Amino acid sequence: MTKIICYVLFSLCLLFTLSCATLQPGYETPTVSITSFEAIPSQGMIPQFQIGLHIVNPNRSPLDLKGISYTITLEGHKIMTGVSNQLPRIEAYGEGDVVLNASVDLFSSIGFFTDLIRNQKKDMISYSLNAKLDAGSLHPLIRVTKKGKISLTQPNQHQ
């Protein structure tokens, strides 16, 4: 009798695993790129920024984004972190834009500003954006890391 129960449980587990594997055959990770990063007017002393992301869905099913969490670092110092659940539905084989509003964490950025003051001859600042997009339980998390440098001598030039 226990062999029959083990066989039934094994069969159910195998069936469940195979059915989940076939829910999204050929699923490709969507592409996320940074389209803008700019300062916006703030209502207090804490600087605010608007970050634009462009998402391309190369799949045959729509991408219903549930949420995003992100971290921005400058010169290795975590300057901003945030989350949003106000995200668009990206249709199958479609694209869409996401705008995130972020505030600077003043306590976390003290080390960055201290380093910047100490090294005033620096021409470039390195940045990194790490984001995690949640497209629901049937899709893997989409992790994005974008790195680059911002020129301190020439405005709006990225390398």
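None of these values were measured; they are calculated from a predicted model.
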Visitor: How close do P30 and P58 get, heavy atom to heavy atom, and via which atoms?
Guide: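 Of all heavy-atom pairs spanning P30 and P58, the closest is CA-CD, 3.7 Å.
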Visitor: Could you give the distance from CD1 (I90) to CG (D64), rounded to the nearest 0.5 Å?
Guide: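 It is 9.5 Å, given to the nearest 0.5 Å.
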Visitor: How long is the straight-line distance from CZ of F112 back to CG of D105, given to the nearest 0.5 Å?
Guide: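 One gets 13.5 Å once the value is rounded to the nearest 0.5 Å.
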Visitor: Between Y70 and L129, is a side chain to side chain contact (heavy atoms under 4.5 Å, CB included) present by the stated rule, with each step listed?
Guide: CA-CA 7 Å; Y70 59 93; L129 168 72; 4.2 Å; yes
Visitor: Does the side chain of V104 reach to within under 4.5 Å of the side chain of F49, using non-hydrogen atoms?
Guide: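 Yes; the side chains approach each other to less than 4.5 Å.
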Visitor: Heavy-atom distance under 4.5 Å between the side chains of P88 and V98, does that happen here?
Guide: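 Yes - at least one pair of side-chain heavy atoms lies under 4.5 Å apart.
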Visitor: Checking N57 side chain against N59 main chain: does a donor-acceptor pair fall under 3.5 Å?
Guide: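 Between the backbone of N59 and the side chain of N57 there is a qualifying donor-acceptor contact (under 3.5 Å).
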Visitor: Only one of D134, L141, V83, T81 forms a side chain to side chain contact (heavy atoms under 4.5 Å, CB included) with S69, so which one is it?
Guide: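 The passing option is V83.
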Visitor: Between S36 (side chain only) and G52 (backbone N and O only), is there a donor and an acceptor less than 3.5 Å apart?
Guide: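 Flag set: sc S36 to bb G52 pair under 3.5 Å.
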Visitor: Out of curiosity, I125 CD1 to H77 NE2, how far, rounded to the nearest 0.5 Å?
Guide: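 Answer for the CD1-NE2 pair, I125 versus H77, is 10.5 Å.
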Visitor: Report whether L74 and I34 are members of the same hydrophobic cluster (ILVMFWY, side-chain heavy atoms less than 4.5 Å apart, transitive linking).
Guide: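 Linked within one cluster.
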Visitor: Show your working on side chain to side chain contact (heavy atoms under 4.5 Å, CB included) between V99 and I51 and close with a plain yes or no.
Guide: CA-CA 6 Å; V99 176; I51 304 158; over 6 Å; no
Visitor: Nearest 0.5 Å, please: how far is OG1 in T71 from NZ in K132?
Guide: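 Result: 9.5 Å between the selected atoms.
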Visitor: I need the minimum non-hydrogen distance between M80 and A102, along with the two atoms involved.
Guide: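 Here M80 and A102 meet closest at SD-CB, 3.5 Å.
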Visitor: Are V56 and V144 connected in the hydrophobic side-chain network, where two residues link if heavy atoms are under 4.5 Å apart?
Guide: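 No; V144 is not reachable from V56 via cluster members.
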Visitor: How long is the gap from CG on L63 to CD on E95, to the nearest 0.5 Å?
Guide: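 One finds 12.5 Å between CG of L63 and CD of E95.
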Visitor: Are the side chain of Q50 and the backbone N or O of E38 linked by a donor-acceptor pair below 3.5 Å?
Guide: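 Checking the backbone N and O of E38 against the side chain of Q50, no donor-acceptor pair under 3.5 Å is found.
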Visitor: Report yes or no: does S109 contribute a side-chain atom to a donor-acceptor pair with the main-chain N or O of I79 at less than 3.5 Å?
Guide: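 Flag not set: sc S109 to bb I79 has no pair under 3.5 Å.
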Visitor: Between NZ of K149 and OG of S126, what distance do you get to the nearest 0.5 Å?
Guide: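 Here the rounded value is 5.0 Å.
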Visitor: Do the side chain of K66 and the main chain of L133 share a donor and acceptor less than 3.5 angstrom apart?
Guide: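 No; zero donor-acceptor contacts below 3.5 Å.
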Visitor: Between Y93 and R60, does a side chain to side chain contact (heavy atoms under 4.5 Å, CB included) hold up when you go through it step by step?
Guide: CA-CA 6 Å; Y93 302 109; R60 66 176 109 175; 3.5 Å; yes
Visitor: Start with the C-alpha gap between N130 and T145, add the side-chain angles, then the distance that decides, and say whether side chain to side chain donor-acceptor pair (under 3.5 Å) holds.
Guide: CA-CA 5 Å; N130 294 306; T145 300; 2.9 Å; yes
Visitor: Just do the side chain to side chain contact (heavy atoms under 4.5 Å, CB included) check on L100 and L53 with the steps written out, would you?
Guide: CA-CA 8 Å; L100 304 172; L53 302 178; 4.0 Å; yes
